[in-house]
Structure formats: structure tokens, C-alpha cells
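I have placed the structure first, in the form of C-alpha cells, so that the comments after it can refer back to it.
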Protein chains: 2
Amino acid sequence: MASTDIPVPRPLDRPDSFTQRTLRAVRDLILSGHFRPGDRVNEAELAEALGVSRGPLREALQQLTSEGLVHRIPHRGTFIPEFGATETVELYELREAIEVMAARLAAERATPEDLAELRRFLDATGEVLHSSDEAHYPRDLDFHDRIVAIAGNRQLQARCREVHQLLHVARSRSGFRTERAHQAYDEHRAILQALETRDPDAADRAMRAHLRTGLAHVRQLFELSEPD
Amino acid sequence: MASTDIPVPRPLDRPDSFTQRTLRAVRDLILSGHFRPGDRVNEAELAEALGVSRGPLREALQQLTSEGLVHRIPHRGTFIPEFGATETVELYELREAIEVMAARLAAERATPEDLAELRRFLDATGEVLHSSDEAHYPRDLDFHDRIVAIAGNRQLQARCREVHQLLHVARSRSGFRTERAHQAYDEHRAILQALETRDPDAADRAMRAHLRTGLAHVRQLFELSEPD
DNA sequence: GGTTTGCAAACTGTTGACAGTTGACACCTC
DNA sequence: GAGGTGTCAACTGTCAACAGTTTGCAAACC
């Protein structure tokens, strides 16, 4: 078709709509902690700051509402939700539902290359972990995302993204730190092993155990910070 | 506070916003089959028909987009998505993730009353099923919704609703009929039994088996209608 | 002094109009 | 007639202004 060698016609360069850009901007503001749980969003002010009118902003807020990152009360305004112990536990249970299923599917569908790459990834994080004795484990979510990707189900992947987002906000409040890097790493290895034996039930058990440990840890944090 | 006995001050009577009403209206139009997969939505026309301006309609469409009931292409318009075999299978897998988890939680959390009511419900549907030999099983979803309700996790419940909606649209195209009412009924009894023994693993297995049977059935329909 | 009542400012909900893009049809060329 | 080009109507994206609601404050009243 295209006869010449011009770099690229790029139908992709079209800057996407104000609504989409605004959506990403506001989402980042929430995830980055600029807006904190309990805060109220002033539409006119925020629209001005982002350089758009209230129309696109309102569409973006509507989307964020269904993502759960924002809560709208009629005639009152838009608020950043506060996640208590109950909500956080519910999110963890949803996460367990999705990621356990993803682990099952990954055990059935992973290609040899998938497994090899996952192993390399874990080896790399293992080295980092043992050399510098970090108590933090920044690549935890990376591992989980990779497994959901291997599962090859877009619906699961999309929901997983959403849940991780919400948990990020839910945990942000009490200065959450994993502090259990080595344990998590060991559990990740167990999951990898289950995948390599292509045993969905074993993958199920390993992933579930891993997530429940995480939930138990978060529960403990909540009980410490507020006996709710 | 309120000293007098006037019926009710009712802060609830406030008719909710145009956006909310429009959202429900359009959702119903899609679920009822008025809009069919592949159809395009004309904003001006639909807004006029619903008696609102394009603003609220666009906010409603934005929400429907994140529910997956609608697909927007920039500068092209809003379309009702067409669910092929791949998408439908993915939805079933997501459903399995959610409802299996719900069954596990229900096994742990169901009160005796919950179980008694669920049993009454199943008995009632059983009678209907055996007296009039309906091939159709209209209360199938009811049963599933009850279990998710018993699980008592709002996040799971909300996602479950969404998935059921999408599956409704996905199946609507090829004049889907269950045709396996008696089998489904038996499987439901098995699930109930697992719940009554309060065995999460048994509930897991029973629910998973039930949903996989359903998926196998749908797969068969797709292979018949289109060898995709 | 404490409670109620009545503004008034601030903000959200909604609208109609304008700007930019897309897709189709007609026309022109070879 | 096939292929390319120009034009136009239809529709989406965006905006600025208007309408209705909420909330805080202040004055009035008991």
C-alpha cells in the first residue's frame, strides 16, 4: 500500500480526547496521593487547573466513579472514598477471586517461554532482595500482573488492574509497608513451581495461600491503627 | 429530632439526576434487546427521545462504557459490542472466578436462616420444574444472586451483577436457551448441600463444576452457529 | 444564650451553541 | 469504467452560560 518510506503516517499521533487525558490526569492525582481519602473535588477549580471545561472533567469523574476511585453524592460533590477495614477486606477477597482464577488458567496456558521469563524475573528480584536487605519488595505487583497476563483473559486482566488500583489507595492511608519481602518472595517461588508443574489445583492453593497471608498482614495493621 | 408524626419527610423522593435516569434507561434499552450488538447510538437522536440534552446522555454512555455494555470509538460514535466466542468464554471465566469465591465465602458465612431460605427457594423451583416440564429455567440467575448475597461482599456482588449483564447480552444473539433446566437444578442442589455442610472446598468444587458445565454448553452453541 | 429563620455565596446539574472530524457522495481525470 | 479528488452533511467533542440545590452565616426571635 504505502509506497514511500516516510517514517510513519501515524494515525496514532492524534492526541486523544480531553476526556481521556483528563481521566488519566485525575486518576494519577488520586493514586499519587495528591488527593487523599475524604477530600472533596471542586469541579470548576480542577477543570481550570487541568485546562479543560467541566464537561470532559465530569465525564472523567463518571468513569472514575465506576472504577471506585471516587464517590459522587448528588448536589453535594465528588469525594475520594475512605477505605475502612471492611472495604479493604472485601477488596482482598475480590482480589483472591480474580488472581486465584488467573493462576489456575496460567498453569494451563503458560508457554515454556512464559515460564522461563517468569523464572528469570524472580531470579532477578531474588538477587536484589538478598544483596541489599531491603525490607520492601517493590516488584510484588509486577509478579502478579505477569501471571494475569499469562492467563490471557482480558476481562480478568482489566478487573485485576482495577482492584490493584483500589488497594493502592486503601493501603496508602496508614503508611502501609509490606515488611515481609522475603516471605512474599518465597511464596512467589512456590507459585512459580506450581505453574511449572502445570497443576491448576496447586497453583490455586499457592496463590490463595499467598494472598491470604497478605490479607492477614493488612488486617493486623488495621487492628493496630484503629480497633474498628 | 423529628417531633411530629407526619408520614415521612422523605429525603428519598428526590427524583435522581437526569444522568442516573438516562443511565438506567439506556441500560434497559440494551438489555431488553432494543439495541442489538453492532448497532450504533446516535447521541442527538437518543437524547431527544429520552427528553434530555446530550450532556447527561454522554455521562451515562461513559458509565456504560466502563460496564462494558457499550464501546466508544473517538469521533466515530458509540456502538453495542458484539461478543464472539472468545469474549464469551472470557466472561464465563471471570464469572467462575467471582462466583466460586462467593460460594466459598457463603459456605463459611451463611446463617441457618440463609440456608433455610435457600432450601425453600430451591424446593419451590423444583416443584415448578417437575410439574410443568419447562425446558427453561428462569430462576437460574436468582439462585446465583442469592449465593453472592449470602457471601456478604459488596465488591463481589457488584462485579457479579456486571458479569451477568454482559453475559445476558453475549448470549442474546443466538437465541440462547438453557435447555438444561433439570441438570442445572441438580447441580444447584449439590451446591446447596456443600453450603449446608459448611465446606468451602466442596462449595468451590460444586460451583466450579456447575459453571463449567454451563460454559461447555455455551461453547457448543458457538461451535454450531459459527465455527470461529 | 441558644434556637430558628432567612438570605447569599458557592457549587453542581443541565442546556444550547460552536468547532473539529469523519464518511459518503458527486465529480473530474485518465 | 476505475481510481483519485473535492465538497458537504452528519455527528462527535468541547465550551460557556443558565438554572436549581446546598450550605454556611448572620440576623431575628424566644
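What you see is a predicted model, and the numbers here were worked out from it, not measured in a lab. No hydrogens, no waters, no symmetry mates; every other heavy atom, side chains included, goes into these values. Below, read A as the first sequence line, B as the second, and so on, with proteins coming before strands; counting in each chain starts at 1.
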Mind calculating the distance between CZ (A/F79) and P (D/dT22) to the nearest angstrom?
13 Å
Separation of atom CZ in B/R72 from atom C1' in D/dT14, rounded to whole Å:
13 Å
Length of the NE2-C1' vector between A/H75 and C/dA10, whole Å
14 Å
Would you kindly give the CZ-to-P distance between B/R76 and C/dA24, to the nearest whole Å?
8 Å
Please tabulate, for side-chain N and O atoms in residues 104-111 of chain B, each donor-acceptor pair with protein atoms closer than 3.5 Å (sequence neighbours left out).
from, atom 1, to, atom 2, distance (Å)
B/R104, NH1, B/D204, OD2, 2.5
B/R104, NH2, B/D201, OD1, 2.7
B/R109, NH1, B/A151, O, 3.0
B/R109, NH2, A/E93, OE2, 2.4
B/T111, OG1, B/E113, N, 3.4
B/T111, OG1, B/E113, OE1, 3.4
B/T111, OG1, B/D114, N, 3.0
B/T111, OG1, B/D114, OD2, 3.1

Less than 4.5 Å apart, any side-chain heavy atom of A/E48 and any of A/E45?
no
How does protein reach along nucleotides 14-19 of chain C, written 5' to 3' as B (base within reach of a heavy atom under 4.0 Å), S (only sugar-phosphate), or - (no contact)?
BB-B--
Among pairs that include at least one residue of residues 36-62 of chain B, which meet ring-ring contact (aromatic ring centres under 6.0 Å, His included), considering only residues two or more places apart or in two chains?
none
Integer-rounded Å distance: D/dT14 P and A/L50 CG
13 Å
If the condition is ring-ring contact (aromatic ring centres under 6.0 Å, His included), which residues does B/F143 pass it with, not counting sequence neighbours?
B/H188
For B/Q220, which residues count as a side chain to side chain donor-acceptor pair (under 3.5 Å) partner, sequence neighbours excluded?
none
Applying ring-ring contact (aromatic ring centres under 6.0 Å, His included), name anything that partners A/F18, two or more places apart in sequence or on another chain.
none
In whole angstrom, what separates B/Q62's CD from C/dG13's C1'?
17 Å
In this structure, how many angstroms lie between the P atom of C/dA10 and the CD atom of A/E48, rounded?
15 Å
